[in-house]
Amino acid sequence: RLMQDAYGDVNIEDMPLPFFAVSTNLTSGKVEVHREGMLRHALRASISLPGVMPPVVMNGQVLVDGAVLRNFPSEVMRRLNNGPVVGVDVSQTRGVDPAALEDPPSWWRWILSGAWKKGPPIVSVLMRSATLSTEAELMQARADTDLLILPKPEGVDIRDWKAYDPAVSSGYAAAQAALTSLKCPVEHLHRQRVSAFAPAETDEEMVEEPARPTV
């Protein structure tokens, strides 16, 4: 209902800017990339964390959160996008608060404090477990970006659904720092890629040429 209120019946292919969402296909065991169809359906599938939200059945396929297989799908972006890839990764900041598990409040204190709105601590454990990538996978995903931004929203738990202000402030500060460190405009960052079908160069042809920006 919230998705419908926010996005209505907008289709992805009709949006003013190119967009894709990623979900995990439990039927095929593969990453599902949504590039067409109703936006709210794709988003609903892409946030279906196992154990937290029910999966989505779409076209006979069972779909859950894309983070189960691709927590930071920068390689999908690079495959679909001809320009620079800017990645914003908050995967390592979404930790679980040890205090919530070591010293849990009593039932009544938990209710009266309003902490129940975030869900019980098991929700954090399930969410973190479902979105955890190996160090090697994360490093490769980050390497697939041309500009990497790493916000650190301190004190924002993975269950803090409404912690907008500190998250936005952290992202803004991290983006400013990343842009300040650049030595050229963002549109000049795109790495030159060699086609897999390009013929191999001979020693005579391997002459270094100045890099030309791709916009």
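The analysis underlying the following values was restricted to heavy atoms, covering all of them including side chains, and did not include hydrogens, waters or symmetry mates.
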Using the side-chain hydrogen bond (donor to acceptor under 3.5 Å, both in side chains) criterion, which residues pair with Gln4? Sequence neighbours excluded. none
Of the non-hydrogen atoms in Pro151 and Asp89, which two are nearest, and what is the gap between them? CD-O, 3.7 Å
Using the rule that two of Ile, Leu, Val, Met, Phe, Trp, Tyr join whenever any of their side-chain heavy atoms come within less than 4.5 Å, decide whether Val57 and Leu26 are in one cluster. yes
Determine yes or no for a side-chain-to-main-chain donor-acceptor pair under 3.5 angstrom, with Asn59 supplying the side chain and Gln61 the backbone. no
Can you name the residues that form a side-chain contact (heavy atoms from CB on, under 4.5 Å) with Leu39, not counting sequence neighbours? Tyr7, Ile12, Met15, Phe19, Leu43
With sequence neighbours left out, what residues match Asp5 under side-chain hydrogen bond (donor to acceptor under 3.5 Å, both in side chains)? Arg1
Heavy-atom nearest pair, Pro73 first then Phe20, reads O-CZ, 4.3 Å
Restricting to side-chain contact (heavy atoms from CB on, under 4.5 Å), what partner residues turn up for Ser169, sequence neighbours left out? none
Could you pull out the closest heavy-atom pair between Asp146 and Gly83, with the gap in Å? OD2-O, 4.3 Å
Are Val88 and Leu189 connected in a single hydrophobic cluster, I mean Ile/Leu/Val/Met/Phe/Trp/Tyr linked by side-chain heavy atoms less than 4.5 Å apart? yes
Kindly write out the residues that satisfy side-chain contact (heavy atoms from CB on, under 4.5 Å) with Val86, not counting sequence neighbours, or none if the list is empty. Leu147, Ile149, Val186
So how far is it from Asn25 CG to Leu63 CG, rounded to the nearest 0.5 Å? 5.5 Å
Do Leu150 and Phe72 sit in the same hydrophobic cluster, where Ile, Leu, Val, Met, Phe, Trp and Tyr count as joined when their side-chain heavy atoms come under 4.5 Å apart? yes
Donor-acceptor under 3.5 Å (Ser46 side chain, Val22 main chain): no
Can you tell me if Thr145 uses its side chain to pair, donor with acceptor, with the backbone of Arg142 under 3.5 Å? yes
Check whether Ser48 reaches the backbone of Met53 with its side chain - one donor and one acceptor, N or O, closer than 3.5 Å. no
Going by chain and number, the hydrophobic cluster around Leu17 (ILVMFWY, side chain to side chain under 4.5 Å) further includes none
Heavy-atom closest pair, residues Gly29 and Leu69: O-CD1, 3.9 Å
Testing the basics here: between Leu80 and Val33, what is the closest heavy-atom pair and its distance to 0.1 Å? CD1-CG1, 4.2 Å
Can you tell me which residue pairs pass the side chain to side chain donor-acceptor pair (under 3.5 Å) test with a partner in residues 11-22, sequence neighbours excluded? none
Does Ala141 offer a backbone N or O that forms a donor-acceptor pair with the side chain of Ser74 under 3.5 Å? yes
For residues 15-38, which residue pairs qualify under salt bridge (charged side-chain N to carboxylate O under 4.0 Å, His left out), counting only residues two or more places apart or in two chains? none
Contacts satisfying salt bridge (charged side-chain N to carboxylate O under 4.0 Å, His left out) that involve residues 39-61 (not counting sequence neighbours) are Asp9-Arg40
Partners passing side-chain hydrogen bond (donor to acceptor under 3.5 Å, both in side chains) against Glu75 (at least two apart in sequence or in another chain): Arg70
Side chain to side chain donor-acceptor pair (under 3.5 Å) contacts touching residues 174-186 (sequence neighbours left out): none
To the nearest 0.5 Å, how far apart are CE in Met38 and CE in Met3? 13.5 Å
From CG (Asp65) to CG (Asn71), nearest 0.5 Å: 8.0 Å
List in chain and number order the residues that pass side-chain hydrogen bond (donor to acceptor under 3.5 Å, both in side chains) with His34, two or more places apart in sequence or in another chain; answer none if no residue qualifies. Ser23
Is there a path from Leu49 to Ile47 through hydrophobic residues (I, L, V, M, F, W, Y) whose side chains come within less than 4.5 Å of each other? yes
